[in-house]
Protein chains: 2
Amino acid sequence: MVDKNQELRDKGLRLTPQRQLVLQAVRELGHATPEEVAEKVRSTHPGINLSTVYRNLETLENVGLVQHTHLGHGGATYHAAEELTHLHLVCGKCGSVGDAPIETAASFVNTLIDEYGFKTDVTHFAIYGTCESCTAKS
Amino acid sequence: MVDKNQELRDKGLRLTPQRQLVLQAVRELGHATPEEVAEKVRSTHPGINLSTVYRNLETLENVGLVQHTHLGHGGATYHAAEELTHLHLVCGKCGSVGDAPIETAASFVNTLIDEYGFKTDVTHFAIYGTCESCTAKS
DNA sequence: TTTTTTCTGCAAGTAATTTGCAATTCGCAT
DNA sequence: ATGCGAATTGCAAATTACTTGCAGAAAAAA
């Protein structure tokens with residue numbers, strides 16, 4: 001447990017229960033909106049304020065422990081930095097978020113660099129479309 | 001001018017000056033947030049209400065004349081349907097939006113269908129990263 | 001024209017996120 | 001252990017971006 005403490009301390013952050021809970025929630029949830037993170041945290045610690053969740057997500061992002069993306073509509077979704085090993089396949093119908101390995105996009109990403117000088121940020125890579133089950137339904 | 005009139009009429013829409021101005025603004029701007037569209041429209045017709053702009057963007061999207069994507073942060077950005085023949089390369093640094101032909105992604109898109117059953121919506125395809133000039137600056 | 005129906009402007013309403021500030025809590029230095 | 005100063009929290013109000021209800025204005029149909 002000293003490890004996990006150090007992880008935050010090393011970044012110059014204080015170790016508050018709220019902070020730890022937010023980070024833990026993001027890690028457990030995989031993908032989550034601030035609202036979902038708050039809900040998760042509250043399932044064990046009801047008193048935690050929403051703005052504390054927002055502030056911690058921002059702080060944790062600043063030190064590189066989590067990141068956010070804009071998948072589909074309005075809300076940002078957060079994930080732990082370690083989790084950024086896949087692409088997000090966002091379904092516009094049902095809102096689900098599927099995963100695919102980053103390598104799937106490797107040659108595409110290379111083409112963009114070579115031909116357009118554009119360096120794709122794979123950690124922000126969100127692909128919009130329709131998932132398999134929604135396609136089947138229609 | 002009868003042509004442009006028909007274009008809206010054929011979709012079952014009324015031909016109001018506001019509507020025409022919104023559509024024209026989207027076409028001229030290429031990529032734009034509702035706010036930017038409103039600003040453009042107001043540069044020639046100051047009295048137009050922001051909610052009219054929002055409503056028309058929605059209406060025009062319903063009939064397929066414009067489309068929106070979520071590039072980067074909060075706001076949606078709209079473009080004319082005719083413009084949807086390229087991918088959007090969104091620079092996270094400077095906010096610029098570059099273009100690349102859709103074919104660039106063709107094999108990537110096919111892989112996603114074949115292996116994950118995920119049908120990418122290329123019209124919504126926004127790729128996040130850093131553009132050439134911002135890369136050069138840093 | 002007159003009628004019908006859609007559209008617009010305005011004001012109020014939401015939803016999501018941010019901010020100001022006082023009170024609390026953490027971590028370092030006694 | 002204890003105290004101090006800075007970081008952090010909770011709360012309420014503020015902001016931002018967008019939506020909605022409604023009455024009157026303006027298209028299109030009759």
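Per chain, numbering begins at 1; letters A, B, ... match sequence-line order.
- dG27(C) atom P lies 10 Å from atom CG of Leu8(A), rounded to whole Å.
- Remark: P of dA15(C) and CD of Glu36(A) are 17 Å apart, rounded to the nearest angstrom.
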Considering only nitrogen or oxygen atoms on both sides, find all protein atoms under 3.5 Å from nucleotides 11-14 of chain D and state each distance.
from	atom 1	to	atom 2	distance (Å)
dC11(D)	N4	Ser51(A)	OG	3.4

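- Checking side-chain atoms of Glu61(B) against main-chain N and O of His68(B) turns up a donor-acceptor pair under 3.5 Å.
- In this structure, Lys11(A) places its NZ atom 20 Å from C1' of dC26(C), rounding to the nearest Å.
- Between Tyr54(B) and Leu13(B), the residue anchored nearer the 5' end of DNA chain D, judged by the nucleotide with its closest heavy atom, is Tyr54(B).
- Within the nucleic acid shown, Leu50(B) has no heavy atom closer than 4.0 Å to any nucleic acid atom.
- The one candidate from His31(A), His88(A), His79(A) that meets the side-chain hydrogen bond (donor to acceptor under 3.5 Å, both in side chains) condition with Thr69(A) is His79(A).
- Separating the CZ atom of Arg14(B) from the P atom of dC7(C) is a distance of 6 Å, rounded to the nearest angstrom.
- Rounded to whole angstrom, the span from the CG atom of Asp10(A) across to the C1' atom of dG27(C) amounts to 14 Å.
- For Asn62(B) and dT6(C), the CG to P distance is 15 Å, given to the nearest whole Å.
- The 5' end of DNA chain D is approached more closely, in terms of each residue's nearest nucleotide, by Glu35(B) than by the other of Glu35(B) and Pro17(B).
- Checking the phosphate oxygens (OP1, OP2) of dC7(C), no side-chain nitrogen or oxygen of Thr59(B) falls inside 4.0 Å.
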